[in-house]
> 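Mind having a look at this structure? Questions to follow.
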Amino acid sequence: MKRLFALLLAGPAFADDPMIPQFVEETESSGLAHQYTGEWEFIVGGGAAVFDCSGDGLPEVFMAGGTVPSALFLNNSSETLAFQKADASGLEMDMVTGAYPLDIDADGVTDLAMLRVGQARLMKGLGDCKFTDASTDWGFEAHDLWNTAFAATWEKGADWPTLAFGSYIDRTQEDFPWGNCTENFLYRGSAGKFTAPQELKPSFCTLSMLFTDWNRSGTPALRVSNDREYYKGGQEQLWHIDAGAEPRLYTEAEGWKRLRIWGMGIASRDLNDDGYPEYFLTSMADNKLQFLATPNPDAKPQYADEAFKRGVTAHQPYTGEDKRPSTAWHAQFEDVNNDGWADLFIVKGNVWAMPDFAQADPNNLFLGQEDGTFVEAGDKAGVASMLEGRGGALADMNGDGLIDMLVVNRNGPAQVWRNTGPAGNWVAIKPQMDGPNRDAVNGWAEVRVGDRVQRQEVLVGGGQAGGVLMPLHFGLGAVESAEARVIWPDGVEGDWAPVTSGQVTLIER
């Protein structure tokens, strides 16, 4: 049954004990038959873009293919999951590593930023799940790079988005790639065209990027996560992106602390209800969960790692016989049991027969608890796949209010699991505004029950080479109604208004 949409815009009570939802794998029966294939140039990537291009409220799934053509799968799900591969969507292309959905030209139809080994492409949505390459028409000056990361925002006063593309290593240096990281680029636009790209120097083999308003200043910065396997002297990065100014790095004098990890993916969520986003950074063995040390608009970008304290180090397999260190890729926060506390999904998989790391490396599903800690439930929930995972997505695929799960595996079949519960009640918020930035990227959706407020920032970026553009999902536990509002990207706060559980609420500016 498809979700009902309530146009625009209820008391408390969240579950005290974590419910373990049961996931049923429906890969074969759903028709979602696809693989991300390839060797050296496709050891990373393998992303999925999840968005509604048919207008029925259910998300379609686009998956990178590597050495085989990428594919768009149309969603025909009802009680069970059902997908049909699109014959000629315009998205069938080889050498694709991932894609992110966003409405670039603000026409109300979702477009795709496509990452490739070669030239990245900007694919304009034409409606009815058809796309065309608009890179030239939009003045997008693509470089021949190993494109591996992407993020987007709208800067203050801009009528066209700002795009960040991250790249990996110089493909001509296969015999000695260490230290041969290629450039990342920032594309700013105006009046329907992108200007010449600006280099983000230095660049350190980037695998994830995210524009995020980390200090709630109203001006998002660009987080960049880099793979230390190949860079020389690099580190994780945070860039000032101020309208009309050259991008510049946050420095140690400003409070940015040097951090070197095998950076793979970024996930963001306000986990402790303080109004500021936390960040989960995937890596090899040493994953990070960062909390802002002094959360306020004047804070320095100093973070404390609480992964161990909260039980989400995810540093080795939690089931099976292989206890070597894990390799984590895509990560995403969603409330899979609708109890009101965000859960964390991590896709795992060995890079490529690396002997010091686990070969049998199950995906993680950490269930969030009221005290701020997490409990591993991947095996009990039925999603502990041992395939070589890369990208993934959490989204309500069949409109029943339960968050389902997708994983893109390298040189193996993609997998999809349907969430069968148990779970609490839910609401979903779809912000929308006229003019540029129709989806209110870097605005915030808030849901209030009693004295507690859950918050989510509208984001395009992060993860591992792919992302989700769908209404923001909030679990309510036993509560049947709540209040919601949107804080728009320019900081204007909408009014609180009642929302009813079991519905997607469209909040228009």
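Along the sequence shown, the residues carry numbers beginning at 1.
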> Applying ring-ring contact (aromatic ring centres under 6.0 Å, His included), which residue pairs with at least one partner in residues 190-210 are found, sequence neighbours left out?
Trp160-Phe194, Phe204-Tyr231
> Please check this pair: side chain of Ser167 against backbone of Thr182, looking for a donor-acceptor N/O pair closer than 3.5 Å.
yes
> Between Leu200 and Leu222, is any pair of side-chain heavy atoms under 4.5 Å apart?
yes
> Do the ring planes of Phe140 and Tyr187 sit parallel (below 30°), tilted (30 to 60°) or perpendicular (above 60°)?
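Tilted.
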> The test is side chain to side chain donor-acceptor pair (under 3.5 Å); show your working for Asn226 and Gln235 and say whether it passes.
CA-CA 7 Å; Asn226 301 305; Gln235 59 175 299; over 6 Å; no
> Assess, by modelled atom type and distance only, whether the side chains of Tyr168 and Thr97 contain a donor and an acceptor separated by less than 3.5 Å.
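Per modelled atom types, Tyr168 and Thr97 side chains form no pair under 3.5 Å.
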> With a 4.5 Å limit on heavy-atom distance, are the side chains of Val458 and Leu472 in contact?
yes
> Please verify the inter-ring angle class for Tyr250 with His240; under 30° counts as parallel, over 60° as perpendicular, anything in between as tilted.
parallel
> Please enumerate all residues that pass salt bridge (Lys or Arg N to Asp or Glu O under 4.0 Å) together with Arg171, with sequence neighbours excluded.
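Expected list: Glu41, Asp144.
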> Are Arg452 and Trp341 in a cation-pi contact, defined as NZ or CZ under 6.0 Å from the six-membered ring centre and within 45° of the axis?
yes
> A cation-pi test, strictly: NZ or CZ of Arg223 under 6.0 Å from the centre of the six-membered ring of Trp214 and no more than 45 degrees from its axis. Yes or no?
no
> At what distance, to the nearest 0.5 angstrom, does CG of Asn287 lie from CG of Asp305?
9.5 Å
> If you round to the nearest 0.5 Å, how far is CZ of Phe62 from SG of Cys53?
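Those atoms lie 11.0 Å apart.
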> What pair of heavy atoms forms the shortest contact from Asp103 to Trp154, and how long is it?
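Smallest heavy-atom distance, with atoms named: O-CZ2, 3.5 Å.
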> Where is the tightest heavy-atom contact between Tyr276 and Asn296, given as atom of each residue plus distance?
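In this case the closest contact between Tyr276 and Asn296 is OH-CA, 3.0 Å.
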> In Å and rounded to the nearest 0.5 Å, what is the CE to CE distance from Met123 to Met114?
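One gets 5.0 Å once the value is rounded to the nearest 0.5 Å.
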> Once rounded to the nearest 0.5 Å, what's the spacing between atom CD1 of Ile403 and atom CD of Gln332?
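One finds 8.0 Å between CD1 of Ile403 and CD of Gln332.
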> Tell me whether the guanidinium CZ or amine NZ of Arg216 lies under 6.0 angstrom from the six-membered ring centre of Trp444 and within 45° of its axis.
yes
> Taking only residues two or more places apart in sequence, or in another chain, which ones meet Arg116 in a salt bridge (Lys or Arg N to Asp or Glu O under 4.0 Å)?
Asp94
> Parallel, tilted or perpendicular: which describes the rings of Phe366 and Phe374, with under 30° parallel and over 60° perpendicular?
perpendicular
